[in-house]
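Here's the structure, in structure tokens; my notes come after.
Order of the sequence lines sets the chain letters (A, B, ...), proteins ahead of strands, with each chain counted from 1.
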Amino acid sequence: MPELPEVETIARGVHARVSGDVVHEAWFSTVPQTFQTPRTKQLRGLVGKKIFAVHRTGKHIVCELGTPQSHEPSAQWIVHLGMTGRLLVTTPDSVVPPHPHARLQLVSGRELRFGDPRRFGRLEFRDLNPTSRKKECKPFNAPGLDPLTITSGDFRALFKNRKLAIKAALLNQSLLAGVGNIYADESLFHSGIRPTLQAGKLSTPRLEILRLRLKEVLTHAIELGGSSVSDYVDANGVRGFFQLEHCVYLRTGEPCLTCNTPIRRIELAGRGTHYCPKCQR
DNA sequence: CATTTCACCTGGTGGC
DNA sequence: TGCCACCAGGTGAAAT
């Protein structure tokens with residue numbers, strides 16, 4: 001469900017409410033595919049740990065953990081929400097929605113809960129060990145570059161000589177980390193770029209427009225708490241408002257807000273793709 | 001290596 | 001009310 005703005009909103013909300021808190025007890029479901037790291041190892045690793053900070057990288061939420069006495073994080077709990085994952089900070093007595101997968105009871109009395117009906121989300125635990133060369137001992141980092149901070153030169157270089165459609169390139173997380181279906185469609189609309197154009201054929205000025213519009217769209221969406229299309233809510237259970245600003249996403253057949261031409265829907269890279277045939281060329 | 005397709009899941013919606 | 005087709009915020013593995 002969640003793309004960069006939703007994940008950023010959740011990470012901020014969780015950070016605000018649980019940093020400094022300590023994991024008292026933990027419960028995990030037995031759904032195997034949810035646990036990137038074996039659930040027993042996650043249980044052992046989390047209980048008794050202090051949460052120093054929570055932040056986003058790409059579409060991942062990273063909780064920095066350590067012993068309550070220390071000041072340096074020595075482990076990480078990494079949450080990927082998939083399509084329908086939710087990460088919520090609640091009171092212990094609040095109703096547990098269907099499909100719960102993790103419940104961390106905190107010393108403050110709060111609970112950090114993860115639930116996910118479609119089970120595309122993943123939970124991962126890392127014991128950080130600076131001397132180890134193993135990947136699972138290194139701090140987690142999204143593979144692609146962050147669209148909020150990427151430079152013009154790096155942005156251009158990502159797409160150079162690429163034969164795939166620009167929309168498919170935007171969705172590739174090893175190029176840009178955090179862009180998903182909504183913000184790919186919306187940023188291409190605001191850039192006047194047809195999603196099917198070959199990424200490598202876009203001129204430097206058009207790529208620069210895309211970089212700027214993408215950053216604007218994502219920043220604006222973060223300010224509005226993300227897009228709630230069906231069921232997305234932030235760490236406090238509150239819906240976002242950016243869906244009210246969507247110009248093309250899920251507006252098939254409705255008039256373009258600029259020129260009144262009906263919005264067209266095609267399939268591209270296996271995803272529904274929405275664009276204005278007149279404004280985007 | 002670059003690119004495309006598909007499987008993985010549950011649930012909501014709208015047509016009949 | 002039920003049944004069915006279709007759609008949905010993601011991504012990794014397999015195929016090409």
Seminar exercise, completed: Leu164(A) has its side chain closest, among dA2(B), dT4(B), dA8(C), to dT4(B)
Problem set entry | Any Tyr183(A) side-chain heavy atom under 4.5 Å of Leu188(A) side chain | no
Looking only at the side chains, is there a donor atom on one of [X] and [Y] sitting less than 3.5 Å from an acceptor on the other?
X: Asn181(A); Y: Lys167(A); answer: yes
X: Thr9(A); Y: Asp234(A); answer: no
X: Glu208(A); Y: Ser152(A); answer: yes

[atom1] of [X] versus [atom2] of [N]: gap in Å, rounded?
X: Asn172(A); N: dG12(C); atom1: CG; atom2: C1'; result: 12 Å
X: Leu171(A); N: dA8(C); atom1: CG; atom2: C1'; result: 14 Å
X: Gln173(A); N: dT11(C); atom1: CD; atom2: C1'; result: 8 Å
X: Glu6(A); N: dA8(C); atom1: CD; atom2: P; result: 16 Å
X: Leu268(A); N: dT3(B); atom1: CG; atom2: C1'; result: 12 Å
X: Asp116(A); N: dG10(C); atom1: CG; atom2: P; result: 13 Å
X: Leu176(A); N: dT11(C); atom1: CG; atom2: C1'; result: 16 Å
X: Lys167(A); N: dT3(B); atom1: NZ; atom2: C1'; result: 16 Å

Need one value for [X]: base, sugar-phosphate or nothing, where a base atom within 4.0 Å counts as base even if backbone is also close, heavy atoms only.
X: Arg271(A); answer: base
X: Tyr183(A); answer: nothing
X: Gly270(A); answer: nothing
X: Ser228(A); answer: base

Exercise. Who does dC9(B) pair with, Watson-Crick or G-U, both distances under 3.5 Å?
Worked result: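 Partner of dC9(B): none.
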Exercise. Taking atom P in both dC9(B) and dA14(C), what distance in whole Å separates the two?
Worked result: 15 Å
Exercise. Would one find a side-chain N or O of Lys59(A) under 4.0 angstrom from OP1 or OP2 of dT11(C)?
Worked result: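 Yes, within the criterion.
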All N/O contacts under 3.5 Å from nucleotides 9-13 of chain B to the protein, with atom names and distances to one decimal?
from, atom 1, to, atom 2, distance (Å)
dC9(B), OP1, Gln33(A), NE2, 3.2
dC9(B), O2, Arg118(A), NE, 2.7
dC9(B), N3, Arg118(A), NH2, 3.3
dT10(B), O4', Pro117(A), O, 3.4
dT10(B), O3', His99(A), NE2, 3.2
dG11(B), OP1, His99(A), NE2, 2.6

Exercise. Measuring from Lys160(A):NZ to Phe155(A):CZ, what's the distance to the nearest 0.5 Å?
Worked result: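 One finds 15.5 Å between NZ of Lys160(A) and CZ of Phe155(A).
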Problem set entry | Aromatic contact, His101(A) with Phe28(A) (centres under 6.0 Å) |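 Centroid separation for His101(A) and Phe28(A): 6.0 Å or greater.
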Exercise. Is Leu197(A) reachable from Leu176(A) through a run of I, L, V, M, F, W or Y residues, each pair having side-chain heavy atoms under 4.5 Å apart?
Worked result: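 Looking at the clustering, Leu197(A) is in the same group as Leu176(A).
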